[in-house]
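When a residue number appears, it is its place in the shown sequence, counting from 1.
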Amino acid sequence: MKAVKYIFFLLLIAIIALAVYIAVQPNEFNVTRTRTIQAPAAVIYNNVSDFKNWEAWSSWAEKDPDMIITLPEQTKGKGGSYSWEDKDGVGTMKIVDTKPNESIAQVMQFAEFPSSDVSWAFKQNADGSTDVTWDISGKDLPFGFKAFAAFMGGMEKQIGPEYERSLEKLDSIVVNSMKAYSINIDGITEYGGGFYMYKTTAATGANISQVMGKQYGEIMGYMAKNSIVQHGMPFTIYDDVASKDGNIIMSNAIPVKEKIEVEKESQVLCGYIPKTKALKVSLKGNYTNLPKAWEAAMTHIAKNNLKQSGTIKPFEIYTNDPGNVPNPANWVTEVYIPIEE
């Protein structure tokens with residue numbers, strides 16, 4: 001009998017000690033993880049800000065294929081939400097505030113536990129990468145929540161690895177999404193022609209992007225200075241892609257509505273393309289895939305016995321502005337190879 005009382009007494013002491021241990025645990029928690037992703041902030045923000053995308057990179061969904069995810073009509077922007085149910089209970093997440101391409105504030109409610117504040121921050125770096133910071137915090141935690149956290153090893157241990165795995169998956173999905181591209185042979189079409197402001201220079205395959213950027217900057221600067229209105233999307237005429245020194249001779253151009261008289265000493269000139277029939281090939285994707293689009297175009301010309309024009313040079317039109325379309329997978333370029341009728 002004394003032994004039973006002694007054991008009971010020890011158990012009572014253990015329970016009191018455990019209760020005291022739980023009671024003195026912090027009344028708040030915070031878990032933060034940051035990962036640098038090689039993608040523009042806007043591309044990552046667009047993915048994270050829509051709950052339709054979360055299942056693809058959520059570590060919790062990866063570990064529990066039986067999790068039930070419910071998406072309402074609004075899944076993005078302020079007021080957007082989603083809910084899930086797993087073996088541990090039902091949870092909901094709601095967006096309460098956003099700053100496009102910069103931050104997202106959310107509130108998470110899981111089972112009977114207190115709600116938690118969740119935040120995302122997207123910091124664009126000079127090299128084009130983005131620091132993505134994911135944070136969750138809670139305060140005024142009740143005894144039951146602190147007991148759960150204590151038995152599970154703490155919120156840092158519970159949430160930290162899941163955030164790390166989720167950010168790793170998000171990184172892979174975002175980066176791979178930027179590599180997607182497609183090429184379409186649109187066939188023979190008639191290009192309407194027109195006037196354009198242009199500047200001719202040489203480039204190599206290695207520096208052509210940098211040279212183009214400089215060229216367009218100078219052309220647009222000249223047009224702004226002289227109040228010349230742009231009348232279409234920029235394009236590049238390839239004057240010679242097989243020069244003796246290996247350089248590409250190209251004319252970067254911006255369409256204008258009418259002929260512009262320029263000063264004799266100006267390096268920015270006004271040109272004209274007549275109405276012409278051409279083989280049109282469309283690339284949707286990063287400009288780095290343009291060689292493949294040109295290869296597809298030349299292969300089509302050879303297979304169909306088409307004869308390339310000897311007077312009008314081939315050109316490509318950049319139909320949308322990368323400044324407004326952050327994901328390279330959505331850039332659209334039209335390749336035109338004029339042909340003889």
*asked:* Assess the residue pair T92 and M108 against the criterion (side-chain contact (heavy atoms from CB on, under 4.5 Å)); give the C-alpha distance rounded to whole Å, side-chain angles, the decisive distance to 0.1 Å, and a yes or no.
replied: CA-CA 6 Å; T92 61; M108 186 186 76; over 6 Å; no
*Using the side-chain contact (heavy atoms from CB on, under 4.5 Å) rule, take L71 and W84 through it: C-alpha gap first, then chi angles, then the decisive distance, then the call.*
CA-CA 9 Å; L71 298 172; W84 71 94; over 6 Å; no
*Any chance you could lay out the side chain to side chain donor-acceptor pair (under 3.5 Å) test for N184 and S282, step after step, and finish with the verdict?*
CA-CA 5 Å; N184 185 63; S282 296; 5.4 Å; no
*For side chain to side chain donor-acceptor pair (under 3.5 Å), just list the numbers for E316 and Y238, CA-CA rounded to whole Å, side-chain angles, deciding distance to a tenth of an Å, and then say yes or no.*
CA-CA 8 Å; E316 59 192 23; Y238 289 95; 2.6 Å; yes
*Evaluate the criterion side-chain contact (heavy atoms from CB on, under 4.5 Å) for residue pair T200 and I249; output intermediate values, then yes/no.*
CA-CA 7 Å; T200 301; I249 309 301; 4.0 Å; yes
*Could you check L306 against I188 for side-chain contact (heavy atoms from CB on, under 4.5 Å), going step by step and ending with a plain yes or no?*
CA-CA 10 Å; L306 300 174; I188 304 299; 4.0 Å; yes
_S137 vs D117, test: side chain to side chain donor-acceptor pair (under 3.5 Å). Steps then yes/no._
CA-CA 5 Å; S137 62; D117 295 321; 4.5 Å; no
_Run D131 and N125 through side chain to side chain donor-acceptor pair (under 3.5 Å) and show every step you take._
CA-CA 7 Å; D131 294 335; N125 299 316; 3.2 Å; yes
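A 6.0 Å sphere centred on CD of E62 holds more than 12 heavy atoms belonging to other residues, nucleotides or ligands. Around atom CD of E168, more than 12 heavy atoms belonging to other residues, nucleotides or ligands sit under 6.0 Å away. The number of heavy atoms from other shown groups lying within 6.0 Å of NZ (K199) is above 12. Annotation: K169, atom NZ; neighbour count of heavy atoms from other residues, nucleotides and ligands within 6.0 Å is above 12. Dense packing is recorded around CD of Q74, with more than 12 heavy atoms of other residues, nucleotides or ligands lying under 6.0 Å away. Annotation for K280: atom NZ counts as buried by contact number, over 12 foreign heavy atoms lying within 6.0 Å. The neighbour count for M220 CE, taken as heavy atoms of other residues, nucleotides or ligands under 6.0 Å away, does not exceed 12.
Between the side chain of T133 and the backbone N or O of W120 there is no donor-acceptor pair closer than 3.5 Å. Here the side chain of D97 pairs no donor or acceptor atom with the backbone of A105 at under 3.5 angstrom. In this structure, D64 contributes its side chain and W60 its backbone to no donor-acceptor pair below 3.5 Å. In this structure a side-chain-to-backbone donor-acceptor pair under 3.5 Å is missing from T98 to P100. Of the possible donor and acceptor atoms, none in the side chain of S58 sits under 3.5 Å from a partner among the backbone N and O of E55. Of the possible donor and acceptor atoms, one in the side chain of N226 sits under 3.5 Å from a partner among the backbone N and O of Y222. In this structure, E263 contributes its side chain and E265 its backbone to no donor-acceptor pair below 3.5 Å. Of the possible donor and acceptor atoms, one in the side chain of Q124 sits under 3.5 Å from a partner among the backbone N and O of A41. Here the side chain of D86 pairs a donor or acceptor atom with the backbone of D88 at under 3.5 angstrom. Although no hydrogens or angles enter the test, the distance criterion places no donor-acceptor pair under 3.5 Å between the side chain of N207 and the main chain of A203.
Here the shortest heavy-atom pairing between Q106 and W54 reads NE2-CZ2, 3.5 Å. For the residue pair Y45 and K99, the shortest heavy atom distance occurs at CE1-O, 3.8 Å. Between P40 and P326, the closest heavy-atom pair is CG-O, 3.9 Å. Across all their heavy atoms, V332 and N320 have their closest contact at N-OD1, 3.1 Å. Considering every non-hydrogen atom in both W134 and S166, the closest pair reads CZ3-CB, 3.5 Å. Of all heavy-atom pairs between A297 and I337, the closest is CB-CD1, 3.6 Å.
A donor atom on one side chain and an acceptor atom on the other are not found under 3.5 Å apart for E218 and Y216. Side-chain atoms of N47 and W57 include a donor-acceptor pair closer than 3.5 Å. Inspection of the S251 and Y196 side chains reveals no N or O donor paired with an N or O acceptor under 3.5 Å. Judged by distance alone, the side chains of Y318 and E334 never bring a donor and an acceptor atom under 3.5 Å apart.
Interatomic distance, I136 CD1 to T32 OG1, rounded to the nearest 0.5 Å: 10.0 Å. Considering CZ of F51 and CE of M93, their distance stands at 5.5 Å, rounded to 0.5 Å. Distance check, rounded to the nearest 0.5 Å: NZ of K259 to SG of C270 gives 7.0 Å. Atom-to-atom distance recorded for L167:CG and E162:CD is 11.5 Å, nearest 0.5 angstrom. With values rounded to the nearest 0.5 angstrom, T333 atom OG1 is found 5.0 Å from L283 atom CG. Atom CZ of R165 and atom OG of S59 lie 8.0 Å apart (nearest 0.5 Å).
By the criterion of side-chain heavy atoms lying less than 4.5 angstrom apart, applied directly or through intervening Ile, Leu, Val, Met, Phe, Trp or Tyr residues, V107 is not grouped with I159; the two fall into different hydrophobic clusters. Transitive grouping of hydrophobic side chains (ILVMFWY, heavy atoms separated by less than 4.5 Å) keeps I317 and V229 in distinct clusters. If you chain together hydrophobic residues whose side chains sit under 4.5 Å apart, V96 and V118 never meet in one group. Hydrophobic clustering keeps I68 apart from V90 (ILVMFWY residues linked when any side-chain heavy atoms are closer than 4.5 Å, directly or through intermediates).
Aromatic ring centres of Y336 and F235: separated by at least 6.0 Å. Ring pair Y181/W331: centre-to-centre distance not below 6.0 Å.
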